[in-house]
Amino acid sequence: MTSRDGYQWTPEIGLAQGVPSIGVISPSTNLTSGSGPWDVIVVGAGYSGLTATRDLCVAGLRVLLVEARDRIGGRSWSSNIGGYPFEMGGTWVHWGQPHVWREISRYQMRSELEESFDFSRGVNHFQLRANNGDAIMSHEEEDALLSGALEKFVNIDGDMGRKTFSFAHDPFHVAEARKYDDMSAKDRLQEISLSLTPNERSVLESFILLCSCGTLETTSFFEFLHWWALCGYSYRGCMDHLISYKFKGGQSSFAIKFFQEALSTGNLSYVFNTPVESITDQGDTVALISRDGRQYVATRLVSTIPLNVLNSVSFSPPLDAQRASATNIGHVNQCVKVHAEISNKDMRSWTGISYPFNKLTYAIGDGTTPAGNTHIVCFGGFNNHIQPEENIDETKKAVENLAPGNMDIQRLVFHNWSKDEFAKGAWFFSPPQLLSTSLDALRARHGNIVFANSDWAVGWRSFIDGAIEEGTRAAMTVKEELRPSVAPRPHL
Ligand code: FAD
């Protein structure tokens with residue numbers, strides 16, 4: 001099936017909107033005249049919504065899943081072109097991410113993972129293109145350069161942030177950590193600028209911007225330190241957790257397992273292609289009205305609508321002032337992720353940074369396509385933004401600029417997350433002061449409405465893991481209220 005989402009460009013066809021994906025749900029609903037009543041409505045079929053839906057269905061509750069798109073997965077989905085998955089959003093997972101790993105174990109998908117990097121053949125180098133010139137380095141030199149620069153950036157306490165961010169899944173555990181949320185990445189760079197070589201500065205800035213996809217001014221230093229702590233306080237840990245292991249069959253091959261398990265309980269009704277317009281808490285029930293005027297009612301509602309688009313839905317009673325303000329500020333991540341299929345097989349072992357002049361700044365060899373071509377995945381962000389489908393020649397030029405002469409483009413594949421009306425951005429990355437003022441408010445319930453999204457998880461916030469953390473939390477909350485568990489017997 002082909003989703004409306006995503007774009008593909010080839011020299012033969014030019015630019016086309018919509019790409020095939022196994023995450024498309026067809027027919028788009030299983031509702032019949034006899035469907036309902038429902039215990040719970042879940043809005044959104046990303047990992048938060050899929051986890052909540054599955055857990056509630058398995059617990060015996062009747063669930064209606066309402067999704068605006070034609071597919072599952074939200075910000076994590078893969079297009080499947082000629083049998084090869086291009087990851088349009090969330091991609092990499094790791095066993096150090098506890099919630100996602102529990103699910104990989106549940107669905108016995110451990111052997112479905114593969115590594116993105118393959119330094120066994122080909123050019124096997126790192127290419128740095130910066131204001132102070134071009135350089136080719138070994139991957140060992142790349143690691144040493146990035147590692148040294150990052151350690152200067154994060155070393156706030158003489159112990160690489162360990163003392164201040166001692167508990168990565170409760171980042172405000174040490175009160176002093178809060179002050180770093182008043183600082184931007186730019187503020188911190190100013191503090192250490194005299195200690196950085198020009199190459200260190202280039203790779204450090206591009207790595208920070210790879211994480212936030214905002215600008216240095218809008219990137220919270222606190223949130224960067226939180227990522228650093230999650231990754232075990234090392235550059236190697238960052239590479240392992242953030243960009244190494246992906247599903248051979250793509251993210252949609254994982255997401256579909258949640259959906260299928262929920263469906264197998266017989267407790268799931270679903271309706272796709274249904275953007276929600278308003279949600280009203282009526283005291284003992286919650287009513288949802290879709291954009292095309294359909295109304296659905298349940299005892300509880302789990303909203304997994306992301307931060308940057310929460311203000312496009314009308315809530316009654318209105319959202320509290322702190323949540324509303326946080327929603328209006330939003331997160332800063334406007335990632336541009338472009339896949340390029342290129343004919344040069346030797347580029348499989350290539351990595352590169354092209355910064356600050358280029359519109360795509362960080363890229364790696366990510367796979368070999370069925371045609372035997374190299375798959376390069378490229379990242380840019382708000383710092384030097386493009387809308388890739390608006391000017392495909394500019395997009396191709398940005399790919400070519402990463403390694404001039406070596407990028408013979410056969411295909412481009414991408415999703416424009418900035419213009420996506422159900423996301424308005426990529427993974428959550430906080431501007432200064434948003435988390436310290438609003439995280440608790442974002443996590444709070446609103447009467448019979450429970451909010452769950454990776455954007456306000458406490459652990460791997462911004463990641464698939466955080467979405468599963470949140471979906472689990474929402475399902476537990478609702479389950480405890482609607483299906484109070486039998487008190488355990490005092491003895492057997
Ligand atoms: P979402 O996936 O956003 O789900 C919310 C759902 O709500 C969506 O399906 C949306 O369509 C729906 N919705 C929104 N508004 C409405 C409405 N009005 N009516 C009905 N439905 C609505 N994470 C990783 O762990 N590893 C990575 O490598 C990684 N890379 C990423 C790269 C990119 C380019 C992007 C975009 C994200 C990446 N992430 C990564 C982050 C990860 O994808 C997200 O954190 C996670 O998928 C969020 O899941 P969620 O369910 O919380 O939210």
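Keep in mind that this is a model prediction, so the values were computed, not measured. As the structure lists them, so they are numbered: ligands from 1, and atoms in each ligand from 1. Residues: numbered from 1 along the sequence shown.
- Residue contacts with ligand 1: S462 is placed with a nitrogen or oxygen under 3.5 Å of a nitrogen or oxygen of the ligand (distance criterion only).
- Note on residues 295-311: pairs passing salt bridge (charged side-chain N to carboxylate O under 4.0 Å, His left out), not counting sequence neighbours, are R300-E481.
- Ligand-side atoms of ligand 1 in range of G73: 2 (O), range being under 4.0 angstrom from any heavy atom.
- Interface atoms of ligand 1 facing G74, defined by a heavy-atom separation under 4.0 Å, are 2 (O), 8 (C), 9 (O).
- Shown in contact with Y47 at under 4.0 Å from a heavy atom are these atoms of ligand 1, numbered in order with element: 51 (O).
- Considering both main-chain and side-chain atoms, V276 comes within under 3.5 Å of ligand 1 through a nitrogen or oxygen pair.
- The side-chain contact (heavy atoms from CB on, under 4.5 Å) test with R461 singles out one residue from L230, D455, L439, and that residue is L439.
- When heavy-atom distances to ligand 1 are checked against a 4.0 Å cut-off, A426 comes that close through both its backbone and its side chain.
- Residue W417 touches ligand 1 through its side chain alone, judged by heavy-atom distances below 4.0 Å.
- Residues passing the ring pair (Phe, Tyr, Trp, His ring centres under 6.0 Å) test with Y180 are F221, sequence neighbours excluded.
- Ring centroids of F382 and F429 are separated by 6.0 Å or more, keeping the two rings apart.
- Atom 7 (O) of ligand 1 has its nearest heavy-atom neighbour, among A52, S48, G44, in G44.
- A side-chain donor from one of H415 and W77 sits under 3.5 Å from a side-chain acceptor of the other.
- The shell of residues lying under 4.0 angstrom from ligand 1, judged by heavy atoms, excludes G466.
- With distances taken over non-hydrogen atoms, the option nearest atom 2 (O) of ligand 1 out of E277, R71, Q334, R75 is R75.
- Only the side chain of V43 comes within 4.0 Å of ligand 1, counting heavy atoms alone; its backbone N, CA, C and O stay farther away.
- Looking at V313 against ligand 1, only its side chain comes within 4.0 Å, counting heavy atoms.
- When W427, F422, W456 are ranked by how near their heavy atoms come to atom 35 (C) of ligand 1, first place goes to W427.
- Numbered from 1 in the order shown, with element, the atoms of ligand 1 that lie under 4.0 Å from a heavy atom of A467 read 49 (O), 50 (P), 52 (O).
- For ligand 1 and F463, the ligand atoms under 4.0 Å from any heavy atom of the residue are 23 (N), 24 (C), 25 (O), 45 (O).
- The two atoms that bring P27 and Y270 nearest to each other are O-CE1, 3.8 Å, heavy atoms only.
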(request) For the pair H94 and D240, evaluate side chain to side chain donor-acceptor pair (under 3.5 Å) and give the outcome as yes or no after the intermediate values. (result) CA-CA 7 Å; H94 192 269; D240 285 347; 5.1 Å; no
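- Within the set L65, L307, I464, the minimum heavy-atom distance to atom 23 (N) of ligand 1 is found for I464.
- Here the side chain of K248 pairs a donor or acceptor atom with the backbone of S111 at under 3.5 angstrom.
- Residue S312 places no N or O, backbone or side chain, under 3.5 Å from any N or O of ligand 1.
- Atom CZ of R71 is separated from atom CZ of R4 by 9.5 Å, given to the nearest 0.5 angstrom.
- Checking only distances, D465 never comes within under 3.5 Å of ligand 1, N or O to N or O.
- In the model, S116 has a side-chain atom that pairs as donor or acceptor with a side-chain atom of D366 under 3.5 Å.
- Counting heavy atoms only, T304 comes closest to atom 5 (C) of ligand 1 of the residues V93, D5, T304.
- Contact between F428 and R75 at its shortest, heavy atoms only, is N-NH1, 4.1 Å.
- No donor-acceptor pair under 3.5 Å is formed between the side chain of T265 and the backbone N or O of E261.
- Those atoms of ligand 1 that come under 4.0 Å of a heavy atom in T274, given as number and element, are 20 (C).
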